[in-house]
Amino acid sequence: MSRTVYLNGQYLPEEEAMVSIFDRGFVMGDAVYEVTCVLDGKLTEFEGHMARLERSLRELEMTCDISREEWLAIHRKLIELNGLTDGGVYLQVTRGNAGDRDFHFPPAGTPATVVLYTQSKPGLANDPHALTGIKVISVPDLRWHRRDIKTVQLLWASMAKMMAEKAGKDDAWFVEDGFVTEGSSNNCYIVKGNKIITRNLSNDILHGITRGSVLKMAREAQLEIEERPFTIEEAQAADEAFYTSASAFVMPIVEVDGVSLGDGTPGRVSKRLREIYIEESRKVAI
Ligand code: PDD
């Protein structure tokens with residue numbers, strides 16, 4: 001069945017939603033995005049995603065005059081129109097239609113292109129991968145150096161996922177200067193005893209909304225947090241590992257570059273944090 005999507009103020013059947021061939025998002029990858037998770041028809045972490053969207057727009061000097069209340073209304077209307085229970089809402093803002101290909105930004109006042117659509121993932125919180133844990137390979141981090149901005153420039157992330165798939169694994173961790181930066185579409189963590197180690201925030205990684213909440217919950221659960229870079233060797237010697245993202249919550253990792261972690265099954269801390277995070281997210285979803 002065709003979805004109803006949002007494009008520049010209109011709700012349209014997906015086949016009718018058209019964007020110009022001159023759109024900066026299409027020609028230059030000049031666009032930012034957010035993915036907000038939906039559980040039981042409600043949005044999780046909405047405020048966090050909107051705050052990061054505003055920051056991404058600001059960092060790229062992009063303007064979009066949609067207020068938080070309006071964003072919320074659009075998200076809710078799409079969920080309702082599409083009868084979405086579990087999944088997510090994808091949002092993208094581009095620098096608009098420049099009228100021709102040009103490296104310079106289009107003139108001030110050129111309207112942004114705004115697209116939102118729902119993606120249905122029934123049973124999202126019961127992903128069977130969380131029971132077995134997933135396996136990752138490492139690949140060099142060849143992305144640009146403003147990974148803190150959530151741009152649609154996802155080609156290397158996409159290639160990294162394909163490399164993992166070809167290797168018979170589930171995902172890839174990026175490594176730069178000998179240290180893990182983040183996963184192809186998630187933030188990553190290792191666990192040693194009661195201590196969680198995860199890379200500190202900087203321009204080197206995306207400031208995950210799930211990361212922020214999971215670290216807060218981990219502190220409340222009396223776990224120790226160390227925010228610093230770690231190596232693949234350190235991860236291979238860890239008790240457990242996991243990643244976080246809006247669409248996967250807390251996902252246990254059981255193998256890094258062919259080496260099993262702990263007993264090769266999802267670790268105690270990862271499993272507990274996943275439970276706490278999903279439970280809390282459902283409670284505060286709007
Ligand atoms: N990806 N790091 C990268 C490179 C990401 O693409 C993502 C999210 C994260 C986790 O951020 P958050 O917890 O705010 O989802 C970290 C989304 C889910 C995606 O591209 O589909």
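For ligands, and for the atoms within them, numbers begin at 1 and follow the listed sequence.
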*Given a cutoff of under 4.5 Å between side-chain heavy atoms of I, L, V, M, F, W and Y, with clusters grown through shared members, what are the other residues clustered with Ile197?*
Ile134, Val136, Trp173, Val175, Val180, Ile190, Phe230, Ile232, Tyr243, Met251, Ile253, Val256, Leu261
*In the hydrophobic clustering that connects Ile, Leu, Val, Met, Phe, Trp and Tyr at side-chain heavy-atom distances below 4.5 Å, which members other than Met159 occupy its cluster, ordered by chain and number?*
Ile137, Val139, Leu142, Leu155, Trp156, Met163, Phe174
*If you measure from the Lys or Arg side-chain nitrogens to the Asp or Glu carboxylate oxygens, is any gap between Asp239 and Arg268 under 4.0 Å?*
no
*Is it true that Glu255 and Lys169 make a salt bridge, defined as a side-chain N closer than 4.0 Å to a carboxylate O?*
yes
Heavy-atom nearest neighbour in the protein, as seen from [atom], with distance rounded to 0.1 Å:
| atom | answer |
| --- | --- |
| atom 7 (C) of ligand 1 | Ser185 O, 3.3 Å |
| atom 2 (N) of ligand 1 | Glu182 OE1, 2.7 Å |
| atom 20 (O) of ligand 1 | Tyr33 OH, 2.6 Å |
| atom 11 (O) of ligand 1 | Gly208 CA, 3.5 Å |
| atom 15 (O) of ligand 1 | Ala246 N, 2.8 Å |
| atom 13 (O) of ligand 1 | Thr210 OG1, 2.6 Å |
| atom 18 (C) of ligand 1 | Ser247 OG, 3.7 Å |

Give a yes/no on ligand 1: does [X] have at least one heavy atom closer than 4.0 angstrom to it?
| X | result |
| --- | --- |
| His49 | yes |
| Arg143 | yes |
| Lys150 | yes |

*asked:* Please check: side-chain N/O of Arg274 versus main-chain N/O of Ala130, any donor-acceptor pairing under 3.5 Å?
replied: no
*Please confirm whether Arg95 makes a cation-pi placement over Phe105, using NZ or CZ under 6.0 Å from the six-membered ring centre and within 45° of the ring normal.*
yes
*Establish, for the pair Lys77 and Tyr6, whether the NZ or CZ atom is under 6.0 angstrom from the six-membered ring centre and no further than 45 degrees off its axis.*
no
*Is it the side chain, the backbone, both or neither of Arg52 that has a heavy atom closer than 4.0 Å to ligand 1?*
side chain
*Which part of Asn187 is near ligand 1, with near meaning a heavy atom under 4.0 Å away: side chain, backbone, both or neither?*
both
*Are any of the N or O atoms of Ile209 closer than 3.5 Å to those of ligand 1?*
yes
*Return a yes/no value for Val35: is any of its N or O atoms, backbone included, closer than 3.5 angstrom to an N or O of ligand 1?*
no
*asked:* What I want to check is whether the side chains of Glu45 and Thr210 have a donor and an acceptor closer together than 3.5 Å.
replied: no
*asked:* Side chains of Tyr90 and Gln92: any donor to acceptor distance under 3.5 Å?
replied: yes
